[in-house]
Q: 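My questions will all concern the structure given below.
Every chain is numbered from 1 and lettered A, B, ... according to where its sequence line falls, protein lines coming before strand lines.
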Protein chains: 2
Amino acid sequence: MNIKTIANIAGVSVATVSKIINNYSDISEETRQRVLKIMDENGYRPSSSAKTLATKKSNLVGVVFAGKLNVDFSHPFFVQVINTFKKQIGLLGYDLLFFSNEKFLDQGEDYLARSKYFQVDGCIIIAGDEVESSVYDLDASPIPCIGIDIELTGQGSCYIMSDNEKISPKVVEHFYMNGYRDIGFIGLQRASLVMQQREDAFKRSLKQFSLDTKPEWMVYSKDYAAEDGYQAAKEMLARGELPRAVFAATDLLAFGAMRAFKEAGLRIPEDIAIAGCDDIEACRYTDPPLTTVKQDTDKIGRLAAMILFDLMNKQMDNQCIKVEPELVVRQSCGVAVPGIEG
Amino acid sequence: MNIKTIANIAGVSVATVSKIINNYSDISEETRQRVLKIMDENGYRPSSSAKTLATKKSNLVGVVFAGKLNVDFSHPFFVQVINTFKKQIGLLGYDLLFFSNEKFLDQGEDYLARSKYFQVDGCIIIAGDEVESSVYDLDASPIPCIGIDIELTGQGSCYIMSDNEKISPKVVEHFYMNGYRDIGFIGLQRASLVMQQREDAFKRSLKQFSLDTKPEWMVYSKDYAAEDGYQAAKEMLARGELPRAVFAATDLLAFGAMRAFKEAGLRIPEDIAIAGCDDIEACRYTDPPLTTVKQDTDKIGRLAAMILFDLMNKQMDNQCIKVEPELVVRQSCGVAVPGIEG
DNA sequence: CTGAAAGCGCTTACAG
DNA sequence: CTGAAAGCGCTTACAG
């Protein structure tokens, strides 16, 4: 069942049918209704491939999970971003194509080749650690790209990320407002760009409030898992003098630290306060629930869709958009000095 | 840059180039190498739409999130299934197309129309609650479909789900083996098919072990959230006589119940043991970590890819495959009677 | 307001 | 081992 069959049944040309499908105005209402009816009766459906071939537009957006580490449907941040992105871009008339990296990575193919192959109208590039260079070929191509957590510099590219500089200050400020003055940190030994930013901003923020910072209060974990946070906290405990509050660079590290502190007989937050970062779902169910900083994934996803749409449909300059993170206060940071509440 | 340009540069016909692209054997090695080199030098990439138009095969698998409720990238079960499915189907040479329901649902379009439009070779249908009827049109069509948690009856369809009948018995058996005899249940007031199966199998399992079941030990929550589990547990507490162990139909309900029991001064598992169902990530970080039943999402995802591949490439009968769930033992169920360990 | 025809970039019998 | 040509199902100037 194709456009020709419909044209034959209706006794019109394929050009006319095509115009009706695409809502052209220069068709008589009578013809339009008649042809529409025939299409409906015959369950006619246009073919995307023929249309794409003829128009060079696919109405498809490619989704690139870049980086070898930590990018996956299992990563809560990316899942949330993609979720709102999908809804918003769907409203704008695009469907999503998820590239399978598995097979073609072996063959030395790249994202650009895949994008060309499918003639996607644009791409969303979501980056974890260790981003492959082929991602930047895509960025440099004329295909519009919107980056999440990755700096894109191509002509038709923009990128969005949380304002990472503001994450640590929000936590430090919260600690400060609640009367905590001795503040520790659990970071990562091999810090990614984002992790490094969190650490640097943490130190800067302490200075702003003229707070002491002792080397004993800074520990670095081997990896991202809760177990690594547990080990890091054990090390902090072993060093003797503890801070009164600890900021862990991720929620998972905070979970591990909480367990270590509890095992050492400390109460949270009465003896030691803890804050994490990311606001993964589990923060709500720990004992006590974890105060943390949430990235505004909803806003990031929606913005990404809007901007990509503009990139695909009109000229736009390369830009970086930063989205404000948000402090989520739960019970893991109590009030250290009564009367000084945040 | 198309096949014709390459053919011209190489001084061969487009047919020859096409055969080289598709690894036909009846091409002289000399020609093959020469043309391959030219393609490479010119950065030539074939076009999916032209190929699909000519062959009626797209190498695309459509992903349908069916149902109005609880199906989304934010649902851990589906995310995990899709994750392994994507990897496996990628290895088999297919990419994934995620249909945007948003726009076309308004227009009364359906999944079948979308599938035809994109000429997907097959679909994976993942179902939550309240599945739309248009899903069954897809099922009934000649397009191969693999269903997850949804009964598909079409010619070219198969479906996979966890063996839900075995979930509750695994928990009851675990309780029993650990010496618990008084076992309660937190279910859902408006139970979906899956939830109803869990409840029925729970009751049956108690009978098998000749265990008492008191109405006071069975409570029903309003909804899926942890807060609902909290309220349900409060109700159980209010009724007076408590069971020694409680099976909550989902992890979230279990989290809420744990909080309610702790607030009432009960220790877990010393005073009351709890088990959940689903094995969401947070189970690892509650205090104590929650014993639960995990669906084998890895197996489900891989099986789905394998079976769909077969459905797309050869005849296969409509079948239902059940995947064994797995008990994940953590610390929320201790040993009630010393010496009787599970 | 409608139609004839070229073209989008591939594949595939078929002939040689 | 190679090529000429028809065909896949659309769109789009262009002519009328």
Q: For the residue pair A:N42 / A:K37, report whether a side-chain donor-acceptor contact shorter than 3.5 Å exists.
A: no
Q: May I ask you to check whether A:N8 and A:T5 show a side-chain donor-acceptor distance below 3.5 Å?
A: no
Q: Does the side chain of A:Q319 come under 3.5 Å of the side chain of A:Y159 through a donor N or O and an acceptor N or O?
A: no
Q: Is it the case that more than 12 heavy atoms not belonging to A:K4 sit under 6.0 Å from its NZ atom?
A: no
Q: Classify B:Y44 by what it touches in the nucleic acid, base, sugar-phosphate, or nothing, heavy-atom distance under 4.0 Å.
A: sugar-phosphate
Q: With sequence neighbours left out, write down each residue that passes side chain to side chain contact (heavy atoms under 4.5 Å, CB included) with B:D310, or none if nothing qualifies.
A: B:K314, B:M316
Q: Looking across every strand, which nucleic acid part, if any, lies under 4.0 Å from B:K19 by heavy atom: base, sugar-phosphate, or nothing?
A: base
Q: Please identify each residue that fulfils side chain to side chain contact (heavy atoms under 4.5 Å, CB included) with B:V63, with sequence neighbours left out.
A: B:I82, B:L96, B:F98, B:I124
Q: With A:Y117, which residues qualify under ring pair (Phe, Tyr, Trp, His ring centres under 6.0 Å), at least two apart?
A: none
Q: What are the residues of residues 21-37 of chain B, sorted by number, that bring a heavy atom to within less than 4.0 Å of DNA chain C?
A: B:N22, B:Y24
Q: Map B:A50 and A:K51 onto DNA chain D by nearest heavy atom, then report which one ends up closer to the 5' terminus.
A: B:A50
Q: Using a cut-off of 6.0 Å, state whether more than 12 heavy atoms not belonging to B:K56 lie near its atom NZ.
A: yes
Q: Which stems does DNA chain C form, counting runs of 3 or more consecutive Watson-Crick or G-U wobble pairs with both distances under 3.5 Å?
A: C:1-3 with D:14-16, C:5-12 with D:5-12, C:14-16 with D:1-3
Q: Under 4.0 Å, heavy atom to any atom of DNA chain D: which of residues 5-18 of chain A qualify?
A: A:A15, A:S18
Q: Reading DNA chain D 5' to 3', which nucleotide is the first, and which the last, to come under 4.0 Å of any heavy atom in chain A?
A: D:dG9 to D:dT12
Q: With sequence neighbours excluded, what pairs up with B:D298 under the side chain to side chain contact (heavy atoms under 4.5 Å, CB included) test?
A: B:T84, B:D296, B:R302
Q: Enumerate donor-acceptor pairs with a distance under 3.5 Å from any side-chain N or O in residues 137-152 of chain A to protein atoms, sequence neighbours excluded.
A:
| residue | atom | partner | partner atom | Å |
| --- | --- | --- | --- | --- |
| A:D139 | OD1 | A:G154 | N | 2.9 |
| A:D139 | OD1 | A:S157 | OG | 2.6 |
| A:D139 | OD2 | A:T153 | N | 2.9 |
| A:D139 | OD2 | A:G154 | N | 3.3 |
| A:S141 | OG | A:L138 | O | 2.7 |
| A:S141 | OG | A:I143 | N | 3.1 |

Q: Once side chain to side chain donor-acceptor pair (under 3.5 Å) is applied, do any residues pair with A:D163, and if so which ones, sequence neighbours excluded?
A: none
Q: Only pairs under 3.5 Å count here: list side-chain donor-acceptor contacts from residues 27-34 of chain B, not counting sequence neighbours, and write none if there are none.
A:
| residue | atom | partner | partner atom | Å |
| --- | --- | --- | --- | --- |
| B:S28 | OG | B:T31 | N | 3.2 |
| B:S28 | OG | B:T31 | OG1 | 2.6 |
| B:E29 | OE2 | B:Q33 | NE2 | 2.7 |
| B:E30 | OE2 | B:R34 | NE | 3.1 |
| B:R32 | NH2 | B:Y24 | O | 2.8 |
| B:R34 | NH1 | B:A10 | O | 2.7 |

Q: Sequence neighbours left out, what passes side chain to side chain contact (heavy atoms under 4.5 Å, CB included) with B:S49? Give chain and number order.
A: A:S49, A:T52, A:L53, A:Q119, B:S47
